[in-house]
Amino acid sequence: MSFSGKILDWYHINKRSLPWRDSTEPYKIWLSEIILQQTRVAQGTPYYLRFIETFPTVDDLANANEEQVLKLWQGLGYYSRARNLHAAAKMVVDDHGGKFPESYQQLLTLKGVGDYTASAISSICFNEPQAVVDGNVYRVLARYYGINTPINSTEGIKYFKSLAEKVMDPDHIRDYNQGIMEFGAIQCSPKKPLCLHCPFSDSCVALQKGLVDQLPVKLKKTKVRNRYFNYLIPIYKDTSGNQFTRLNQRIGKGIWQNLWEFPLLESKNALEIDDITIRYKEVLDTLQSVEILEYNENAIVHKLSHQHLHTRFWIIYTDTKFENQIPVEKITEFPVPVLIADFIKAFKF
DNA sequence: AAGTCGGGGAG
DNA sequence: CTCCCAGACTT
């Protein structure tokens, strides 16, 4: 049997039941694909369900404000996906009359939709014969055909895309595409793949040559940068006992764009309380400090793909009002990074 | 072509 | 600890 035939047979027996699986609505497929970019099904599924419940149609999503979208996205990471999701929803409503474009080429014009996602939507929703190439497909093809070209090299990207197109089943593209990805996720997994009872065990090059654990080949990752974050949490209590603090929105480039955080004093090296006492005015210039408390003695190391954030939180009590103060009970309404959300949860204002 | 962008779970 | 996840975008 052909490669694609075995994939299809395997898929029909082993496919998981997923919330978006039985749908061909472009909105649902698109939403699921954006959420699942670089994200495991288990992590993304609850977000998908909340998005569908909150925004049942692309029109609802387009009419939301970015703040709502980011809040719902909070904790998923890669927040440009959420901003692009919102922008693309507006494009569908404003430029396409609320109806998703129905071709690979047209789908590519949507923000946040690249080669993989356009292939996935066009094939799953419209049966357009476009081969998907995601992390699963790279792994399955590299192993089965014994290819050691690095999957993240320019040559590898081109090679695997053309190979995927060569071996796909254009007449059953909807199930074939989902099948090869499902196969990679369940059977041909990155570690400890289930080669013992695999439908390809008699023809898999990697298995026959003992190269399963060496494929696919990937160029080395970039190194990590260390940064030192000091979050200053101003707290003012008025005569009625109401507490106020402050959040700033991150702007410009870099991590956590458009998310909110406490006033941040970043430094070249770790700071101590004496440094904070002097330098807090760099980010809270008008604040009259009464008392500064060290929240965590040992820095919390928040790890991102390219950065390690050595973070300390400093509580700054004041007896006067300050600029942009917000009631502490409102802070949960703002979209914040997990690092900040964890602090808020633990601190209990 | 290389860098950037999150967070979490598996091993 | 390392690796990688239904990748896209910028420089």
Side-chain angles (χ1 to χ4, degrees), chain A residues 11 15-16 18-21 28-48 70 73-85 87-88 107-121 123-124 130-140 150-158 160-161 164 176-186 188-193 213-214 216-225 227 250 252-259 301-309 335-342:
Chain A
Y11 181 58
K15 75 171 184 178
R16 290 170 290 183
L18 300 172
W20 52 87
R21 182 75 97 193
K28 291 184 176 176
I29 299 303
W30 164 70
L31 177 61
S32 72
E33 294 298 347
I34 301 298
I35 287 176
L36 292 175
Q37 285 170 7
Q38 295 294 287
T39 304
R40 293 173 192 282
V41 168
Q43 185 186 7
T45 297
Y47 285 84
Y48 171 83
L70 283 172
W73 197 273
Q74 179 177 310
L76 244 196
Y78 283 165
Y79 296 93
S80 65
R81 290 183 294 167
R83 298 189 302 271
N84 288 337
L85 183 84
L107 287 161
L108 267 183
T109 66
L110 296 177
K111 286 232 181 200
V113 175
D115 179 77
Y116 163 76
T117 305
S119 299
I121 300 172
S123 63
I124 295 172
Q130 294 286 345
V132 293
V133 184
D134 73 335
N136 294 305
V137 175
Y138 279 121
R139 186 169 54 254
V140 172
I151 61 172
N152 55 343
S153 65
T154 303
E155 182 190 356
I157 292 169
K158 274 182 64 179
F160 281 96
K161 177 72 179 179
Y176 169 79
N177 270 345
Q178 296 182 81
I180 189 171
M181 291 190 284
E182 191 85 332
F183 180 78
I186 305 294
C188 196
S189 47
K191 290 173 184 172
K192 305 187 103 178
D213 60 348
Q214 298 177 45
V217 174
K218 199 170 185 178
L219 264 33
K220 64 179 185 297
K221 62 182 185 303
T222 59
K223 52 183 178 186
V224 174
R225 174 164 67 115
R227 301 176 72 178
R250 290 186 70 93
K253 302 190 178 303
I255 58 172
W256 302 333
Q257 205 177 106
N258 294 10
L259 272 66
V301 184
H302 189 74
K303 296 180 177 179
L304 308 179
S305 347
H306 295 75
Q307 304 179 26
H308 286 183
L309 308 177
V336 298
V338 165
L339 176 63
I340 301 298
D342 286 347

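Below, chain A is the first sequence line, B the second, and so on; all start at residue 1.
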Scan A/Leu18 against the nucleic acid and name what it touches under 4.0 Å (heavy atoms): base, sugar-phosphate only, or nothing. base

Determine, step by step, whether A/Gln37 and A/Tyr116 satisfy the side chain to side chain donor-acceptor pair (under 3.5 Å) criterion, reporting the C-alpha distance in whole Å, the side-chain angles of both residues, the deciding distance to 0.1 Å, and the verdict. CA-CA 9 Å; A/Gln37 285 170 7; A/Tyr116 163 76; over 6 Å; no

Ignoring hydrogens and angles, are the base of B/dG6 and the side chain of A/Ser305 linked by a donor-acceptor pair under 3.5 Å? yes

Say we look at B/dG11 and C/dA6: how far apart would their P atoms be, to the nearest angstrom? 14 Å

Could you pull out all residues at least two apart from A/Arg225 that satisfy salt bridge (Lys or Arg N to Asp or Glu O under 4.0 Å)? none

Atom pair distance, as rounded to whole Å: OH in A/Tyr11 and P in C/dA6: 14 Å

Within the 4.0 Å heavy-atom criterion, would you say A/Gly184 contacts the bases, only the backbone, or no part of the nucleic acid? nothing

How far, in whole Å, is C/dA8 from B/dG9 if one measures between their C1' atoms? 23 Å

Does A/Ile35 reach a base, just sugar-phosphate, or nothing at all? Heavy atoms under 4.0 Å. nothing

When you measure only distances, ignoring hydrogens and angles, does the side chain of A/Thr39 come within 3.5 Å of the base of C/dG7 through a donor and an acceptor? no

Would you tabulate the nitrogen or oxygen pairs shorter than 3.5 Å linking the protein to nucleotides 9-11 of chain B?
none

If you look at every strand shown and take non-hydrogen atoms under 4.0 Å, does A/Val132 touch a base, only sugar-phosphate, or nothing? nothing

Which part of the nucleic acid, if any, lies within contact of A/Trp73, taking any heavy atom under 4.0 Å across all strands shown: a base, the sugar-phosphate backbone alone, or nothing? nothing

Just checking A/Gly44: base, sugar-phosphate only, or nothing, at a heavy-atom cut-off of under 4.0 Å? nothing

Donor-acceptor contact below 3.5 Å, side chain A/Ser32 vs main chain A/Ile29: yes

Whether A/His302 contacts B/dG6 is assessed here as follows: a side-chain N or O lying under 4.0 Å from the phosphate OP1 or OP2. Is that the case? no

Check: A/Glu182 main-chain N/O paired with A/Asn136 side-chain donor or acceptor under 3.5 Å: no

Is A/Tyr79 near enough to B/dG7 that one of its side-chain N or O atoms lies under 4.0 angstrom from OP1 or OP2? yes

Categorize A/Thr117 for me: base, sugar-phosphate, or nothing, with a 4.0 angstrom heavy-atom threshold over every strand shown. sugar-phosphate

Indicate, with a heavy-atom threshold strictly under 4.0 Å, whether A/Val41 touches base, sugar-phosphate, or nothing. sugar-phosphate

With a cut-off of less than 4.0 Å, is there a side-chain N or O of A/Gln307 near OP1 or OP2 of B/dC5? yes

Is there any protein nitrogen or oxygen under 3.5 Å from a nitrogen or oxygen in nucleotides 1-3 of chain B, and what are the pairs?
from	atom 1	to	atom 2	distance (Å)
B/dA1	OP2	A/Thr154	OG1	2.0

Measuring to OP1 and OP2 of C/dG7, would you say a side-chain N or O of A/Gln37 lies under 4.0 angstrom away? no

Would you find a donor on one side and an acceptor on the other, under 3.5 Å apart, between the side chain of A/Arg250 and the backbone of A/Leu259? no

Work out how far the C1' atom of C/dC9 is from that of B/dG8, and round it to whole angstrom. 23 Å

Is the side chain of A/Tyr138 donor-acceptor paired with the backbone N or O of A/Ile157 at a distance under 3.5 Å, no angle test? no

Which part of the nucleic acid, if any, lies within reach of A/Asp115 when heavy atoms closer than 4.0 Å are counted: base, sugar-phosphate only, or nothing? sugar-phosphate

Classify the nucleic acid contact of A/Arg225 as base, sugar-phosphate or nothing, counting any heavy atom under 4.0 Å across all strands shown. nothing

For the pair made of CG in A/Leu304 and C1' in B/dG6, what is the distance, rounded to whole Å? 6 Å

Nucleotide B/dC5, atom C1' - distance to CD of A/Gln257 in whole Å: 10 Å

